[in-house]
Each structure stands twice: as C-alpha cells, then as structure tokens.
Amino acid sequence: EMLDSNKDSLKLEAMKRIVAMIARGKNASDLFPAVVKNVACKNIEVKKLVYVYLVRYAEEQQDLALLSISTFQRGLKDPNQLIRASALRVLSSIRVTIIVPIMMLAIKEAASDMSPYVRKTAAHAIPKLHSLDPEQKDQLIEVIEKLLADKTTLVAGSVVMAFEEVCPDRIDLIHKNYRKLCNLLIDVEEWGQVVIINMLTRYARTQFLNPNESLLEESSDKAFYASDDEEDEDEKAEVTTLEKRKPYVMDPDHRLLLRNTKPLLQSRNAAVVMAVAQLYFHLAPKAEVGIIAKALGMFEPYLKSFYIRSTDPTQIKILKLEVLTNLANEANISTILREFQTYIKSMDKDFVAASIQAIGRCATNIGEVRDTCLNGLVQLLSNRDELVVAESVVVIKKLLQMQPEQHSDIIKHMAKLIDNIQVPMARASILWLIGEYCEHVPKIAPDVLRKMAKSFTNEEDIVKLQIINLAAKLYLTNSKQTKLLTQYVLNLAKYDQNYDIRDRARFIRQLIVPTDKSGALNKYAKKLFLALKPAPVLESPFKDRDHFQLGSLSHLLNAKAAGYQELPDWPESAPDPSVRNVEVKDSVCAERTVLTGPEVFSSQFHHKFFITIVLALLVESDSGSGSASASGSDEGGSGSESEESREETESEEEEEDEEEEKKKRKKLDMTKAKKQADESAERCCIINFDTFDMNKITSVFSQTIAPSGLIKMYELLHRITGEGLAVEYCFSRQPFSPDPNMVAVQIQFTNNTNSETKNLHIEDPRLQSGMRIREFAEIGLQPTGESVTVVIGIDFCDSTQAANFQLCTHTRKFFVSVQPPVGELMTPAFLTENDFKKEQGKLMGMNEILEKLTLGEKCVNEHVIVERVTATANLSRVPCGSDKECRFAGKTVSSGCLVLVTVTTKEGGGAQLTVNCEKMVIGTMLVKDILQALSQ
Amino acid sequence: MIHSLFLVNASGDIFLEKHWKSVVSRSVCDYFFEAVERATEPENVPPVIPTPHHCLINVLRQRIYFVAVIQSEVPPLFVIEFLHRVVDTFQDYFGVCTEAAVKDNVVVVYELLEEMLDNGFPLATESNILKELIKPPTILRTVVNTITGSTNVGEQLPTGQLSVVPWRRTGVKYTNNEAYFDVVEEIDAIIDKSGSTITAEIQGVIDACVKLTGMPDLTLSFMNPRLLDDVSFHPCVRFKRWEAERILSFVPPDGNFRLLSYHVSSQNLVAIPVYVKHNISFREGSSQGRFELTLGPKQTMGKAVESVLVSSQLPRGVLNANLSPSQGTYTFDPVTKLLSWDVGKINPQKLPSLKGSMSLQTGASKPDENPTINLQFKIQQLAVSGLKVNRLDMYGEKYKPFKGIKYMTKAGKFQVRT
C-alpha cells in the first residue's frame, strides 16, 4: 500500500485519506499496523497525522500501540520544545494502562522542563492520566503542587484546570499561590481565566468572611466602596478609618481578587465576562454587585433591551419574558402589559402560552393591576386559538382563587366555555373552579355536571377526576338537585379503566354518602371538600436553582452535573490569612508589559534551581580540593572581608572552628558523591540545556548535596538571558562592614561572552519603602572568561521582599532581583544558657511558635540537626545541658530583634520546634523553613 | 471539558466527528436530532440538551450545527464561546465555513481541532499562533507542496505562544505598511404600529486590518469616547490606559481582527434612518387582504440608504400574494409564507413601495396576528451614534504607515410591528 512506500508524499496522501475516513466516522482500525510503522517518519505532517490516528485507535489495539511508545520517549528528549510537547500530548492521550508508569515519569519530567509550553502540556496530561488510573492521584497532586508554583501565565490556566479535575478539594494547595494567581489573571489566556476565576470563587468562599453579613450601616460602606477605582493608598487610609468604626474589614486578599477580576468584564469572551459576573454575584458586597449589571432594581433602565422580537429564538423569548416579569413593578407595569399584548398575537404558540403565564404572574405580584390583567385574560377566552384559551383558563383559575367573590360573572363565562374548549387541562381547571365556587353559581353548576356526566366516558383522566370532584362538592352543597347525578358519575367511575379514578370514586362515595358503616369522617366531609384553600403562588419556572454556582452547567440544568463542586457557605470566622503569605519573590506583573526576551526565562524556577546546583558543583570540581563552594566563595570575596575579620570576637572564632569541622565532614560526603557529580556535571557542560536528562541528575544531587549544608548559590542572571553574562549571588553570612544593618550579598559575575564587559554597575534600585542598598563600585572592565566577585549590602528591613535593581553593562541593562530566604535576615548572637532562658522567658505567648514534627530519615543525631538548622538560618548554637535539646540564637540584621530556636528531640523520630521572636512574620516563616529542613 | 465534537448539516447528517478523549458513539446525537425535530425553526433548538450520560451543547452557524459533547461540569458559555471560536477560525482559514469547505479541507480541519483542544481543554485558539502551526491552504501552496514535498505543518513552536503578546508573531514584514479600521454600527430597533420607536440600541464594532512591519505600538483616540458605555476589547488593548485616558493603546495582532465592540445604550436617543409606512389588513369574511408598504429615509445626514431588503413572515392563512413593487424585486414563498423584497437603494425623490393584494385560504377566518416587517439596510460613511475617530498614532517603529478609517451603519435586528 501507499503507506509502505518510501516517498513521503505518498505516505502523506495515504494518511490524509485515512484521517478523512476517521473524520467521517468510518472505521479505519484495520490499518493500524501499517500506520504505526510510520510513527517515526521524518515528515512532520505525516507524523502529526499518525499521532491523530494513534490517539483515536490506540485504546482498541493496545498491543500494537505499545510499539510506538519508544518513539515518543525519544521525542520527549528532543531539543525542539514543540516536539517534546507533542510527544507528551500523544503519549498521555494513548489510553493504555500498561504505560501508566511511563506516563507518570514523562509528566514529572515535563513538569520541570525549561519550556513553559512543555510544562503547560504536562498540566494537560495530568487529568488524562488521572482518568486512566485514579490510583496515581497522590503522585499527580505532587506534580500539580509543583506546577501551581509556576509563574508563567501559560501554565497557570492549565494547571488550575488539572487541579479542578483531580483534586478540587485540596484548597490548601492554593494558599501559597493565591496572590500570584490573582495578579497573573489578566495576562492568562481567556480560557484559563474562566477556570481560574471559578476556582477562586470557591476558594474565597472558604477563606473570607461574608461581606454582606455585618454590613448593616449602608451609608458608611458606600463611601468605602466608591473608592474602588482610586489609588491604593486612599483605600488603605479608608480601611483604617473604618476599622475603628466597624468590626468587618474586608481581607485585603479578598479585595485583591475583586479588584483584579474587574477589568476582565471588558473581555471579548462572554465566558470570561460571565465568570467575573458570577464571582461578583457570589463574593462581592451588595453595593458592588451593581457593576456586573445591577441587581433587579438596577436592571430597570434596561427594560426595553429585553423587548422581544418575532425573530428571536424561542428560548431567548422565554428568558426575556422572565426578565420582563421580574422587572415589573407598579411604575412600569402598564408599559409591560402593553408589550405583552403584542406578544399574545405572536405566531409562536409556546411563546404565547408563556406570555399568558407571565401576565398571570404580574397580576399576582402587583395587586393594582390584577383586575386589568384578569379582564385582559378573559378577553383572550374568546380567542380563536384553543391553546391561548386553554392557557388563559388555567391562569384565570389561579387568579380567581385569590378573590372569588367578586368574579362570579367570570366563572359563569367560563362555565359556558366548557362546551367549546377541548384542552383537558383547561377543562379540568374550569370544572375545579365551578366546583370550588359552586355557591357563587348555584344555577349553572348542576347543569355543567349534567353535561359532564353525559360525556364522562370520553374525557381524559384529569378531567374525569375533576368531574368526580365537582360531583362530590355539589352533592355536599346541593344534594337535592344533584344526588342522582352524583350517583351516576360515581357508578361510571367505579368501572373506569384507570385505577386512580376507580379508587377516587370509591373513596369519595365512602366519604360523602352517609351509610351506617361510615364513621366520623362523614360528618366532616363538607369541611374536607369545601375548606378554604390557600391561593396558589405563581412562580417563576427559573426559581429553585440559586444554590448552584451561577453560570455553571448545573445551574442551567438545575441538576447537579458530574464533577460539580458545591459552592461552600461563607465561614463563620476567617481562617488564618497568613497562609497566603509567600516568601518567594513576587515579580509577577499585573500590567501587560512590552515584550522582553528575558521574561520568558526569568520565571523558570526549577530550571534556575538546577543550574545553581550544577554551577556549585562545577566550581567545586574545578578546584579539585573537594571543599564546598562555600569556602571557595569566602576566599573570593576577601577584599571586603579582611577588614571585617578584625572585628570578629572570640566567640566568633569558636564558630569558625565549628565551620572547619563541618567542612571536614563535608569533604567526606563530597568525595563520595564527587564521582557521580563530576560525571553529570561534565555532561551538563557539554550537552545543550534542552536535552539533559533532568531526572537522573537532580536525583544525584538530592542525594549528595542537600544534606551537606552548603552555602547556596542563587542565580541572578542566567547566562543565556544575560547574553553571556552570568551572575550568581549568595549570602556570605559575613557582617557587612560599612553598615551593620545590612545583609551582605556576594555577587559573582562570570563573563562568558567573547568580548569584554565594561562598566558593570547597579542602577535604579526599586525597593520597598525603608529598604536600602549599598552598591558596589563600578567594575570597569571584565575580560572574557573571567569571574569577578563583589559584595553589596542590602537592608531588607527584616522582610523577605525582593530587592529589585538594574544591572548595567556598557551595552545592556538587566532587571534582576535579590530575594533573601528568611534565614539570611539574621546574624548569629552569642548567649549563655542562662541568657537564653531569660530572653526566652520574655518572648512567650504571641511571640512563641510551637510546632511538632517528625524528623526526616537522615536526621539521626544532634549533629545533623545542628547542621541543618544552621544551613537554613544564620544562627549560632547556644550551649545546652541536655542532649535532647539543641538551641540556637540570632538577631535580625536590620532591627536587632532576638531570634531563639529550640529543637527538642523525642523518642521515635518525633521532635518539637520552638521559635521565639518578637517579629511574628519572621518567626512563622523561619519555623516553616526549619521544619522543611528537618523533615527531609 | 469538551469530549467530542460533531458537525451536523441542515439535513441532519453528521459529516465530521472529532474526539478528544475516548470515543463517544455518534448515536448520542439522536437526542440532538429529537430536539431538532421538536423545534419549529432551526434557531429554536435549545443550546444545551441534557441526555442521560452526556450533555450536548450546540451552536448553529452557517446552517451547520456544531454539537459539543460534555460529560462533566463546565460553564456552558465556555463551550459556546469556544465553538464560535472554532467557526471563526474555519472562516479565517477557508474564507467561508460551509459543509463543502470543511469537507474539502478535512485534514486541515482535523489538524486545527487537534491543536485547539488538548484533552478537551483549549490549547491554542489565537489565530496567529495557529497559522504558524498550520498554514492556511492556498492554491499556490498546494501546488508548491506537491512538487517540493514540503508540508503545511510548522516545525517550531510559534513565537506567540511564549510571548507576552501571544496575539502577534515576531518578524512580521510588509513592503506596504497599512492599517485600516472599519467602524461598523448596527441599529437594533423595534418600531411600533404607529411608527414610534419602542426600543433602539446601537451595537458597534471596530474591525481592523493591520499589516505593519515589526512590533508597532498603536494608539487610537476618539473625539467623543464618552459615547461608548459598554465596551469589550481584544486582549491586546491596554485596559488601564482606557480607564484613565479613554484611549485605545495596543500592539495589534497581524492581519484582521476585532479591536473593540461597544454598545450605545437605549438611554441615548438613537436616530432611526428609515421609516416604513404600511397598511396590511384582512377583512372578516373576505378571502382577500390588502398589502401596502412604502419606505422612506429620515435622519440620514444626507447619506444614501442602500442595500435595502424587506422581509416579513405572513400569517399562515395567506395562500399567495399578488404585489407590484415600484422598484426592485420581490418573492413570496407559499410554503414558508416568507415575503422578501429586495429594494436596493432608496431614492428620496421617488420612494419605493410595494402594493397589492393577498389571497387567503377560502373559508379560513381572518388571521388575528399581523406580520412584523424586518428591515435590512446599509449606510456608507456614517456612524449613526456620532462616534468619530480622532487620530491614530504609531510608536515603536520608524516607517510611516498608511492609515485609513471607514464608517458604516447597518440595520441589526430592525423590526417594524404592524
């Protein structure tokens, strides 16, 4: 066949025909073997079409499909990101259970790919694998968690979609990413926006307080919300003034969500607009819901927009009618009724029926027009169209029930109609009316019964039931005239085909006809039948569905669709808002910015992390000494440090010793790891970044480096982004001599370009208020291939906010930011055991944070614990009598607040961590970091 | 999300199916066909049809039903909006979106659908991204491809996919740099029997055709931006600038796109450019009815009303119509009872009219409804709301582009009750 030919063009033609067959729904599965062979075809279009084919039939031909897997595995490592992505797409779309582990591995790898597009595909693959094998859920959740931390807009929508399908109840995964998602939202593609907004609606319902509950003083909050569009500062000021007056203050995160979604109302995509509308409907204070189109009263000016055209599709007509009916009030009812009159003349009979019901509802809701409506409806009774008449009868019946006394003439009129109207529902309604109000029409009622008795056998069931009803009621009120007729009707009913009717007849006979046996009930028959009945409420067919999230499929169907997530009620009290605090740098831009190449890369967190480690290793293997890069960089920054060493106190020297000891230990660890590391590091230098086997390498590192407690290098500028200039930084943990309140940041520039870099300096620092930076002296000239190290000082004001600045060379400027981990914001403090106890005593209550933890497998002894804690935070050890306890102390660099840390170990790997610090934020974050370090 | 898609033509044949997850048997469409049968008009098919295991969401475009199969919770508008985007993409690629066009290009259609959704979730819907992945078919390219064996499928990830301006690809080049903007306004109106306006609104759009080299940054400002009270933008428009300065500032997509759609509310007075005088009556007992219609211009600011088309659904009782137009041609379909009159241009000196009689079914009683008259027309060089573009500036590129702006007013849903 053509597929076996050597020519690509013939193959392509063949594949095109096959795809055309699939498109038409014809079965092409018997070609499977021939097609699979071409999966490795060079021609990309043939390849794509083969993919289409595979995905369609792989489920049916599992064994053969396996033949293609290796091709995709190869594709996953292709340097071209598009090919990597499509390989993953196809691999994950092949629904063959045997390859679940391969899929899992591929997804994990792709989730840390450097291309955001591939990561997006990984997010898409997650629900695919989950539906194929739900047992993978836990592993997949880990991947979701990882991808949720991704900062690219491309990934955000897809991973939230995966989250919604796999683990919508894991709200806790969102906390850390909440603010980022809010800020990214405007730049996410529209489909992702819908998914994210819907998810955040649910999230907000679990985390924030109901803004409408405690807001009774309407006047005051208007002023507040009016400021919505104004400057942030104004708003903050207002919030603070309000705080004094009122208990409820909206969580700033809640406000953030509302503010960031609002511009999306201008989206061209109706689904996005709807998503924002429902978000406001479910989350916004009443006064603000107006912006989405205003609660009922506010729709009024738009009344005329809902007038109906004869060319509207029926479902639109019905919806418009519903809106008009809901908008009707005393002021506009006359215009609306006039409009309704035109509708009744429409040729669309369903619509006419709906219009008549709408008139009925207006009449019940607005007492003033009840008579007018009733008269109008009565006129319709002479309409030629039977459907119109029937619908009118039904509506009139309901209306009359409200005030029957005044309308006996209408009842008489309707009694006459019984001869002409054939629609069963209408006939039944008329009979019920006559029976119910037989006292108002004493002469006509028996006559109607006579007619109906005649036609009884030919009537529909609902009519028959009403005839029996009428007979019973007449028998009770006017037995003289109707006794025989009633008997006759009941006899007919007794032999009816329908058992309901037979039952009803038997029941009624027992009830109304007095016999010796009939007991007490007989006496009450009249009360039973002729009791005053409450008037019916004419209700909207659209009610009862408000418990569903607006705009959802479930809401539309008024039934819970599969996968629908209930919208939770507001919590009674707000959960801890600090869970949303993030230490990671917040470089997310809410504004659309002009395209700059580096942005694409700057967000590749995992990639960056990886590079950091690789570089750390390279440094080490170069020096050959096996000592950690920490020592290497110590020496590198010697210029400024030599001065500092003079200030070092005795106790610091002790610390030095300890450092020495550590280094020795590291040496041992490292030499073991070195062989592997060298190997992989080498590989990394040679191989293009695209192609490395990430999994292997990272696993090597996690075994070797993590426990050794190196000083970590962070990337400031990647060499690709920096066009050859690579910049890394680390926190050298040395005091910064020019200003003791600053954290020393050691920066290393490596010039990988083949030209010199000149005039390297810092420009335009953009810092949070209070933050300060001490720049390094301009580096005049940096030759090719050379590395230069400088130290700058940054006063972070004891916060983990990033310091942003521009790094300038003679040709270019790069935006970079330095983000300190909380542990680097402190410097060791040297206390005695007694001092420690004393200080700890002062920092109780609010300032103390206690956390239980289970130590990680490798935290076997005191030694490791000390190492890990000191690696996490720049603290010094405080002597302690007990061997079950380790104590550390430090001071924050900027304000000098004491930070005390105690780790108490218990039997069986348990431990307790205590942090005492006046700065609660620092305390909380530190606890978290140490916990993580210890439980690894 | 979206499980499968079926394309159904007017005669109820499924002529294309595509599945993004496991295959759903086409028998699921039986529920859809039932709904079509129940509906009196093709437009009356409910957009969302629940079935025991699935839910069918459909849109009708160009007499083709696009039926999406859904299995779990998803906002219906999400699906509807996506289906429309599919149709728009097809139109963009093939010029028209007809059954024939889809069948002729079935492979491209399939490749497109494959790219647009992954596992039922939208992957790439931006036209310029798709065009880099799958090149639109042209005769020239087909010929070249058959000779050289090259393909229609892009080998690299489109640049837009990763950029912050995903709607524009990099490296665009033109020898003639031009930017055209069409301001098109449609009047939706209901005119009652006596000729007074019951409701009138203007729905406007600004469609653009931008062929500019490089990464131009455009700003478009209006003389009277306050007119626009409800706007929705192409994602390229910077919302903050609009909020603050009422200026449209954007890096445009390459080629044709809709920059803005807006709404001028019923609060403002809308000038109605055409009036209709009519006398349509039936007498009780007679089998004849009178039909008289005259059209005339008003408030057109001196511009000519063109391409006028009148259509009306006559009552079921009407057997035939015997009319004579003063200009243009008319047709009456005795089966659907649809009368349409292609008037052409309205000459203010000699007003077009259509007069004559209608014959009714003998013995049938006088119809109690009067037909409504639907009007279509066009007025060139006029934006009926009075919206005016002030200026268009370009930043970021050095060349001088050729700029053009065109205004047009059309009838939208323009209905006259009689």
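These numbers come from a predicted model, not from an experiment. Note on naming: letters A, B, ... go to the chains in the order of the sequence lines (proteins, then strands), and numbering restarts at 1 for each one.
- Using modelled atom types, one side-chain atom of A:Q315 and one backbone atom of B:V45 make a donor-acceptor pair closer than 3.5 Å.
- With a 4.5 Å cut-off on side-chain heavy atoms, B:N119 and A:R89 do not count as touching.
- Under the 3.5 Å distance criterion, the side-chain polar atoms of A:Q266 are matched with a main-chain donor or acceptor of B:V231.
- Put simply, of B:H19, B:H84, B:M1, B:E115, the one with the most heavy-atom pairs under 4.5 Å next to chain A is B:E115.
- Contact tally against chain B (heavy-atom pairs below 4.5 Å) for A:R309, A:M274, A:K128: the top residue is A:R309.
- Looking at A:K262 and B:E243, no side-chain N of the basic residue comes within less than 4.0 Å of a carboxylate O on the acidic one, giving no salt bridge.
- The shortest distance between side-chain heavy atoms of B:P75 and A:N198 falls below 4.5 Å.
- A donor-acceptor contact under 3.5 angstrom links the side chains of B:D118 and A:H124, judged on distance only.
- Nearest heavy-atom pair across B:S72 and A:L553 is O-CD2, 4.0 Å.
- Of the two parts of A:T342, only the side chain, counted from C-beta on, holds a non-hydrogen atom closer than 4.5 Å to a non-hydrogen atom of chain B.
- A:V195 touches chain B through its side chain: at least one heavy atom from C-beta onward sits under 4.5 Å away, while N, CA, C and O do not.
- For A:E164, no part sits under 4.5 Å from any heavy atom of chain B, backbone or side chain.
- Using a distance-only test at 3.5 Å, with no hydrogens or angles considered, a donor-acceptor pair links the side chain of B:E73 to the main chain of A:S554.
- Taking the six-membered ring wherever Trp is involved, the centroid distance between the rings of A:W191 and B:F82 falls below 6.0 Å.
- Heavy-atom distances place both the backbone and the side chain of A:T314 under 4.5 Å from chain B.
- Contact of A:R95 with chain B is made through the side chain alone, with heavy-atom distances under 4.5 Å.
- Here the shortest heavy-atom pairing between A:I22 and B:E17 reads O-CG, 4.0 Å.
- We find that B:E81 and A:R268 are not joined by a salt bridge, their nearest charged nitrogen and carboxylate oxygen being 4.0 Å or further apart.
- In this structure, B:I190 and A:I308 approach most closely via the heavy-atom pair CD1-O, 3.9 Å.
- Scanning both residues, A:G157 and B:F121, for their nearest heavy atoms gives O-CZ, 4.2 Å.
- In terms of heavy atoms, A:S552 sits closest to B:P76 at C-CD, 3.6 Å.
- Ionic pairing of B:E111 and A:K16 is not present here: no N-O contact between side-chain nitrogen and carboxylate oxygen is shorter than 4.0 angstrom.
- Looking only at distances, no side-chain donor or acceptor of B:E114 sits under 3.5 Å from a matching main-chain atom of A:V52.
- A salt bridge links B:R417 and A:E339; the closest N-O separation between the charged side-chain nitrogens and carboxylate oxygens is under 4.0 Å.
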